There are 2 protein chains.
Amino acid sequence: MKIGELSRATGTNIETIRYYERIGLLPAPDRTAANYRSYGDAHRSRLSFVRHSRDLGFTIEEIRSLLDLSDDPARDCGEADRIATAHLEQVEAKIAQLVVLRDELARIVGRCRGGVAADCRVIEALGDHRHCESQH
Amino acid sequence: MKIGELSRATGTNIETIRYYERIGLLPAPDRTAANYRSYGDAHRSRLSFVRHSRDLGFTIEEIRSLLDLSDDPARDCGEADRIATAHLEQVEAKIAQLVVLRDELARIVGRCRGGVAADCRVIEALGDHRHCESQH
DNA sequence: GCTTGACCCTGTAGTTGCTACAGGGTGCAT
DNA sequence: ATGCACCCTGTAGCAACTACAGGGTCAAGC
């Protein structure tokens, strides 16, 4: 299939597919006589793997490691689990951080009573960390 | 004060301060005879405002609008409230998205039973969205 | 046979918010 | 006069794309 079909089949931007090829995440496909990229099923499932992993927030480098692993079926699965577990921990840390931030923001937003900027509680709170209840 | 002092006073990297000046977020300060930047209290509090807002996740452009507002004390505070509220909503959306993602990841990680990559449930799950319980 | 439009190609530059040099100048203490 | 901490400008790098510019290819319809 041509790049446009692969793009539709996987929900990936065409430019992104070419980008993945350039950085070596996808192998360079064969070319037609007109120099068009020509993909097969192996490409499609590899790209689906990449997209799905990206959607789950894995970095390109993590995905590279995961792909290396799955390219070598004799290797130990533990490494995949280690990568995924580390990523899960990062996501949990990020959530915790955003929750603190959200609470602080909600407090700040709730202070607005209208009026002019000179009296604005929102601007005041942003200017001075001492109005905050948490370290962030 | 010189840039190093301002850096220590606000916990901002020196390069970042110069970057903010370059993009017009901080006004260019006076210079000493040796061409060193020389800052006053107004600079320090403006930079604190910027840093605090960045810590709360506001973008540079949002901060620019907030600073414009506070530079013009007669303007209506509603705009500041609108920016902050919109940002709060974004943070809440991001949290919700990360929670879905975390649950999916936790499910994937939990499937690992060791063994070789060929049988790896983690790699299998990443390759095929149909293993997922949610849209993400 | 010629045009139109959809598709494809390469290469480069932009995005966000910094951070990290390289290659130089300044100021003060020893 | 020599070391060291500090300052300057300008440019390039990071992640993960995205968006052109400027060109080639191909099938359909007139």
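Below, chain A is the first sequence line, B the second, and so on; all start at residue 1. Being a predicted model, the structure only gives us computed values, none of them experimental. The basis for the numbers below is simple: all heavy atoms, side chains too, and nothing from hydrogens, waters or symmetry mates.
- Nucleic acid contact for A/Ile14: sugar-phosphate only, since backbone atoms but no base atoms lie under 4.0 Å from a heavy atom of the residue.
- For the pair A/Ile3 CD1 and C/dA6 C1', the interatomic distance rounds to 15 Å; values are reported in whole Å.
- Salt bridge annotation for A/Lys2-A/Glu5: absent, with no cationic side-chain nitrogen under 4.0 angstrom from a carboxylate oxygen.
- In terms of position along DNA chain C, the nucleotide closest to A/Tyr39 lies nearer the 5' end than the nucleotide closest to the other residue of the pair B/Thr16 and A/Tyr39.
- Computed from coordinates, the B/Leu6 CG to D/dC6 P distance equals 15 Å when rounded to whole Å.
- Judged by atom type and distance alone, B/Tyr36 reaches the base of C/dG25 through a side-chain donor-acceptor pair under 3.5 Å.
- Of the possible polar contacts, none joining the B/His43 side chain to the B/Leu6 backbone as a donor-acceptor pair under 3.5 Å is found.
- Note on B/Tyr20: a side-chain N or O is less than 4.0 Å away from OP1 or OP2 of C/dC18.
- Straight-line distance from the CG atom of A/Asp30 to the P atom of C/dC9: 13 Å, rounded to whole Å.
- Using a cutoff of 4.0 Å between basic side-chain nitrogens and carboxylate oxygens, A/Glu104 and A/Arg107 are scored as salt-bridged.
- Proximity of B/Asn35 to the phosphate of D/dC8: no side-chain N or O atom is located under 4.0 Å from OP1 or OP2.
- Judged by distance alone, with hydrogens and angles left aside, the side-chain atoms of B/Ser7 form no donor-acceptor pair with the main-chain N or O of B/Ile3 at under 3.5 Å.
- Atom pair B/Glu21:CD and C/dC18:P shows a separation of 15 Å (rounding to whole Å applied).
- When the P atom of C/dT12 is taken as reference, atom OH of A/Tyr19 falls 17 Å away, rounded to whole Å.
- Not one side-chain nitrogen or oxygen of A/Arg18 sits closer than 4.0 Å to the OP1 or OP2 atom of C/dT10.
- In this structure, the nucleotide among C/dC9, D/dC26, C/dT19 sitting nearest to the side chain of B/Glu15 is C/dT19.
- Ion pairing of B/Glu15 with B/Arg18 is present here, as a side-chain N (NZ or NE/NH1/NH2) and a carboxylate O approach within less than 4.0 Å.
- In this structure, B/Phe58 reaches neither bases nor backbone, as no heavy-atom distance under 4.0 Å exists between it and the strands shown.
- Residue A/Arg31 places at least one side-chain N or O closer than 4.0 Å to OP1 or OP2 of C/dT10.
- Applying the 4.0 Å criterion to OP1 and OP2 of D/dT9, one finds that B/Arg37 has a side-chain N or O inside that range.
- Using a 4.0 Å heavy-atom cutoff across all strands shown, A/Thr59 reaches sugar-phosphate atoms only and no base atom.
- Under the 4.0 Å criterion applied to side-chain N and carboxylate O atoms, B/Glu124 and B/Arg121 are assigned as salt-bridge partners.
- Between the P atom of D/dG10 and the CZ atom of B/Arg22 lies a distance of 9 Å, rounded to the nearest Å.
- The side chain of A/Arg54 places an N or O atom within less than 4.0 Å of a non-bridging phosphate oxygen (OP1 or OP2) of D/dC17.
- Dashed line: the shortest gap from a side-chain N or O of B/Arg51 to OP1 or OP2 of C/dC18 is under 4.0 Å.
- Whole-Å rounding puts the B/Leu26 CG to C/dG17 P distance at 14 Å.
- Atom C1' of nucleotide D/dG13 and atom CD1 of A/Ile23 are separated by 16 Å, given to the nearest angstrom.
- Comparing C/dT26, C/dC8, D/dC17 against the side chain of B/Ala34 picks out C/dT26 as the nearest.
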